[in-house]
Amino acid sequence: MKPNHSTRTGRILALSGRTVTELCRDPLSWIFALVFPFLMLALFRLIDSRIPPEAGMTQFRPGNIGPGILVFAQNFLTLFVALLVSGDRDSAFLTRLLASPAVPAEFHWGYALPAMALGILQGGLTMTAVWLLSLTGGEALSFAGCMGAVVCTIPSMAFCVGLGILLGKLLSSKAAPGIASAVLSLSSFLGGCWMDVNLLGDVYAKICTVLPWYPAVRIGRWLLGTADFVPADAAVICLWAAGIHIAALLANRRR
Amino acid sequence: MKHENSITVRHLTKKYGTKTAVDDISFDVEAGTVFALLGTNGAGKTTAVKCLCGLTEPDAGEIGYDTETGLRAPMDCREHFGLSPQENAVGMHLTVEENLRLMGKIYGVPHIPERTEQVLAQFGLTEERRTRGKALSGGMGRRLSIAMALFSRPKVLFLDEPTLGLDVLARRELWKIVESLRGQTTVLLTTHYMEEAQALADRIAVMQKGKIAAMGTLEELREQSGTDSTASLEDIFVRIMEGGSV
Ligand SMILES: Nc1ncnc2c1ncn2[C@@H]1O[C@H](COP(=O)(O)OP(=O)(O)O)[C@@H](O)[C@H]1O
Ligand SMILES: [Mg+2]
């Protein structure tokens with residue numbers, strides 16, 4: 001009889017497949033992650049339509065608000081990855097998997113890869129909606145720019161996924177959703193998703209530029225032609241993304 | 001070859017804070033035999049199993065598996081283990097089939113579809129194949145949980161309270177399956193059912209408060225506890241518990 005033989009890639013794929021199946025069959029959280037950006041876009045369109053053109057306020061135009069919503073919505077990934085990981089930790093099923101030949105790093109990618117695929121889907125849908133909206137509003141954005149914003153904010157999305165895994169590993173399934181929701185709310189302010197961070201003073205603005213959210217929003221805006229490119233932004237996001245994944249990989253509390 | 005996959009445990013100790021869950025236990029399990037850890041709740045059986053399969057780092061002691069490539073630690077033999085944890089450990093949103101196939105993929109089992117059919121039939125799960133984990137009855141969930149542990153044809157099988165929650169008939173079926181593994185698979189099972197240890201185990205270790213209070217074949221336990229040849233394991237157990245360490 002042929003002996004058993006599993007490879008690292010094979011195990012990561014098996015664990016990813018399992019994550020996808022579990023997610024597809026427990027759709028509440030991720031449907032929310034896909035639908036919520038549309039609700040926000042509709043809301044800001046409504047607000048924008050009430051602002052008289054003479055006011056010259058462009059803050060809520062698709063080119064400005066789109067990247068804000070794109071980055072804000074990525075934080076939903078933090079929320080449900082944290083839910084998934086902390087929930088798994090409560091179950092004997094994970095005990096069984098931990099006793100298998102699969103090692104912690106393989107579990108990490110088994111969670112992260114499907115979540116990032118969902119994040120790309122989320123970003124693609126959101127930015128397609130932003131683009132369509134811009135066509136109706138007189139200020140047409142380039143479709144390439146919209147999709148470019150999705151691609152160039154993959155590092156901040158990776159950060160959100162990594163943060164979700166870290167929270168899921170460190171917190172109980174009771175505490176994880178609360179903390180992840182708090183991060184979600186914070187990110188909208190610290191990311192300047194729908195307000196100008198400079199309104200709250202220089203110090204606040206400075207803090208925002210060294211956290212991962214605002215640089216991601218700004219890169220998105222740059223691709224849509226509504227902000228300038230700041231080279232440090234890319235470095236800041238990538239450092240956060242790498243750092244959080246390393247932290248999540250190292251946080252293996254053995255009980 | 002004779003000792004391949006035998007287990008050697010020496011002075012195994014595991015503490016949780018100030019509580020010593022497993023307290024300096026030593027035993028050997030011969031390859032292809034069934035070894036039972038028998039004890040009441042809280043005796044330390046689950047903790048011992050977790051140490052043996054590499055889920056928990058012991059505070060002291062050694063665990064060795066005699067393999068083709070020499071004596072190895074638990075962490076280095078995990079592809080040869082099968083574990084059925086004390087609670088039903090199945091993916092709640094996965095179907096019975098998907099749960100089994102996942103095991104196949106993680107362990108790299110060849111010919112997964114054929115093996116799946118075989119295991120479904122062996123455990124009487126064929127009709128439930130498309131039922132999701134959370135929709136299974138307690139007994140069916142138990143069967144699946146054990147079937148998953150056996151899917152990879154492990155060389156060493158850990159069964160933590162395998163028949164907890166099974167009805168009489170299902171229990172007898174599981175006993176038959178364990179019986180059929182004798183000679184090929186080294187089985188370490190924990191139980192608090194006397195008749196289970198009596199029916200299945202070649203050797204029994206009676207655990208009490210983290211220690212092994214007595215160990216041997218049923219005959220040896222009889223002798224050690226000073227009971228006569230008509231004494232059941234229950235009589236022996238009661239005698240050992242009352243008398244403390246033998
Ligand atoms: N994770 C843990 N943290 C703290 N104490 C534990 C833990 N697991 C087990 N214990 C304690 O160790 C002792 C042995 O438990 P366990 O191994 O589960 O026994 P058994 O499986 O024989 O019922 C019990 O007193 C239990 O409360
Ligand atoms: Mg137990």
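Proteins get letters first, then strands, A, B, ... in listed order; numbering begins at 1 in each. As the structure is a prediction and not an experimental result, all values here were calculated from the model.
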- request: Mind checking the OG1-CG spacing from A:Thr21 to B:Leu102? Nearest 0.5 Å is all I need.
  value: 8.5 Å
query: If you measure from CG on A:Leu15 to NZ on B:Lys105, what distance do you get to the nearest 0.5 Å?
result: 10.0 Å
With a 4.5 angstrom heavy-atom cut-off, is it the side chain or the backbone of [X] that approaches chain A, or both, or neither?
X        : result
B:Arg132 : side chain
B:Glu98  : side chain
B:Thr47  : neither

message: Looking at A:Phe38, I want to see if its CZ is surrounded by more than 12 non-hydrogen atoms of other residues, nucleotides or ligands under 6.0 Å.
response: yes
- prompt: Considering residues, nucleotides and ligands other than B:Glu127, do more than 12 of their heavy atoms fall under 6.0 Å from its CD?
  reply: no
Where the side chain of [X] meets the backbone of [Y], is there a donor-acceptor pair that is under 3.5 Å apart?
X       : Y        : answer
A:Asn4  : B:Ser152 : yes
A:Arg11 : B:Ile106 : no
A:Arg96 : B:Met103 : no

task: For each of A:Pro3, A:Gly10, A:Pro101, A:Gly17, tally heavy-atom pairs with chain B at distances under 4.5 Å, and name the one with the top tally.
output: A:Pro101
query: Closest approach of B:Ala89 and A:Ala92, non-hydrogen atoms and distance?
result: CB-O, 3.3 Å
- prompt: If you take all heavy atoms of B:Arg78 and A:Val103, which pair is closest and at what distance?
  reply: NH2-CG1, 4.1 Å
field: Region of A:Leu97 in contact with chain B, defined by heavy-atom distances below 4.5 Å
entry: side chain
- prompt: Of the backbone (N, CA, C, O) and the side chain (C-beta and beyond), which part of A:Ser91 lies under 4.5 Å from a heavy atom of chain B, both, or neither?
  reply: neither
task: Could you tell me which of B:Met148, B:Glu87, B:Arg153 has the largest number of non-hydrogen atom pairs under 4.5 Å with chain A?
output: B:Met148
field: CA sep, side-chain torsions, deciding dist, call: A:Arg18, B:Leu94, side chain to side chain contact (heavy atoms under 4.5 Å, CB included)
entry: CA-CA 8 Å; A:Arg18 177 249 155 182; B:Leu94 304 181; 3.9 Å; yes
- prompt: Would you call A:Phe93 and B:Asn99 a side-chain contact if the rule is heavy atoms closer than 4.5 Å?
  reply: yes
